[in-house]
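A short write-up of the structure that comes next.
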Amino acid sequence: MMQEQIDKYTSEIKAFTAAKADELEAFRIKFLGTKGIIKDLFEQFKTVGAEEKRTFGKVLNQFKQLAEERYNDIKESLGAGTQAAKADTDLTLPGDGFEIGSRHPLSLVRNEIIDIFKRLGFVVAEGPEIEDDWHNFSALNFPEEHPARDMQDTFFIRKGDGNDDIALRTHTSSVQVRMMENGKPPFRAIMPGRVYRNEAISARAHCFFHQVEGLYVDENVSFSDLKQTLYHFVKELYGEDFKVRFRPSYFPFTEPSAEMDISCTICKGAGCNMCKYTGWVEILGCGMVDPNVLENCGIDSKKYTGFAFGMGIERITNLKYVIRDLRLFSENDVRFLKQFQTDII
Ligand code: DAH
């Protein structure tokens, strides 16, 4: 009688499968539960004779073991299945690729400028964008009534304490002053940064843009050092295929002063709207640091001389990549930015 039952249940257990946890739970209750079949068989076992007990004891234990093993196996496989179902994804599939950004063209050109001067032994220095009159104008030998101090050009910051001395810097030349005030010659540095001017925004003008300032102060620095340094710089930047000229100019902080032009990189000097049909484009201002500036910064102008230069990064970038509208630099249009795909590290 018991043997028959066990045979029947053995084949049922062996054939049992479960797709869901509640089916497995029903199996457990039926066979292994406190009121289940196995419990019942053990109850019956108590009543059998001593002879039968010996053979049946073994059979019954094997049967119980079979039910438990089956239960554990199925539980394990269901567990794995439900986890995969929860994630609802094949975790071994390759992930979605993501697009890597690109460097802004102004950063590319700024870095290139920095690299060229670094190779000449220049260090990089920075200064604040919010400046006082002394560092932006007075120390740089700007006369009191100079038009650049005018509200038209400079964004002054009203602090409400009657001191209107604070402004957004209009050029990176202010960093020269900070550097010379805080150190001892020799100085050999380039100073990249953002500058601000109160201009109406158009294709050709913007209220903020970027400059790189250069300063070299030591004993016996001459104008020929200035020329040779800048010749080298433009050749490194644009290659050999153009002409360079220096034109006399005026800046309050340099004497003598000059501007440097290169033959238009776009029309190669033939004339186009980039060079306003002159064949030449101005790329920087420069000169020998005015002795007044050296003295204002506590440097002995009898002992030391120096040269300085300043250039707009936007202008250099426009010529390099033929960009005709300044507004593109600050509009963050990905169609524009994507064209400067580079290996970013
Ligand atoms: N600060 C000038 C500007 O913003 C550029 C400049 C000209 C800087 C001559 C210099 C320099 O250091 O020597 O237009």
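Values in this document were obtained by computation on a predicted structure and should not be read as measured data. When a ligand or atom number is given, it counts from 1 through the structure's own listing order.
- Scanning the protein for heavy atoms near atom 12 (O) of ligand 1, the closest one is Glu213 OE2, 2.6 Å.
- For the residue pair Thr170 and Asp153, no side-chain donor N or O sits within less than 3.5 Å of a side-chain acceptor on the partner.
- For the pair Asn220 and Thr305, the minimum side-chain heavy-atom distance is 4.5 Å or more.
- Separating the CG atom in Asp115 from the CZ atom in Phe122 is a distance of 14.0 Å, to the nearest 0.5 Å.
- Short contacts between ligand 1 and Gln211, defined as distances under 4.0 Å to a heavy atom of the residue, involve ligand atoms 3 (C), 4 (O).
- Considering backbone and side-chain N/O of Phe251, none are found under 3.5 Å from N/O of ligand 1.
- Every atom of ligand 1 with a heavy atom of Gly285 under 4.0 Å away is listed here by number and element: 7 (C), 9 (C), 11 (C).
- At a 4.0 Å heavy-atom cut-off, ligand 1 does not touch Met191 at all.
- Only one option out of Asn136, Leu140, Leu215, Asn296 pairs with Val177 in a side-chain contact (heavy atoms from CB on, under 4.5 Å); it is Leu140.
- Taking CG of Leu41 as the start and NZ of Lys46 as the end, the distance is 12.5 Å to the nearest 0.5 Å.
- At a heavy-atom cutoff of 4.0 Å, ligand 1 is contacted by the side chain of Phe253 but not by its backbone.
- Listed by atom number, the atoms of ligand 1 under 4.0 Å from Arg197 heavy atoms are 3 (C), 4 (O), 14 (O).
- Going from atom CG of Leu326 over to atom CZ of Phe208 covers 10.0 Å, rounded to the nearest 0.5 Å.
- If you check the side chains of Glu199 and His206, you find no donor sitting under 3.5 Å from an acceptor.
- Residue contacts with ligand 1 do not include Glu259, since none of its heavy atoms lies under 4.0 Å from the ligand.
- Between Ser173 and ligand 1, an N or O atom pair is found at a separation short of 3.5 Å.
- Shown in contact with Thr254 at under 4.0 Å from a heavy atom are these atoms of ligand 1, numbered in order with element: 13 (O).
- Close approach of ligand 1 to Gln176 (heavy-atom distance below 4.0 Å) involves ligand atoms 12 (O).
- A salt bridge links Arg28 with Glu25: at least one charged nitrogen is closer than 4.0 Å to a carboxylate oxygen.
- Considering backbone and side-chain N/O of Ala308, one or more are found under 3.5 Å from N/O of ligand 1.
- Close contacts of ligand 1 with Gly287, meaning ligand atoms under 4.0 Å from a residue heavy atom, involve 13 (O).
- In this pair, Phe63 and Tyr9 present their aromatic rings tilted. The plane angle is within the 30 to 60° band.
- Of the heavy atoms in Met311, none comes closer than 4.0 Å to ligand 1.
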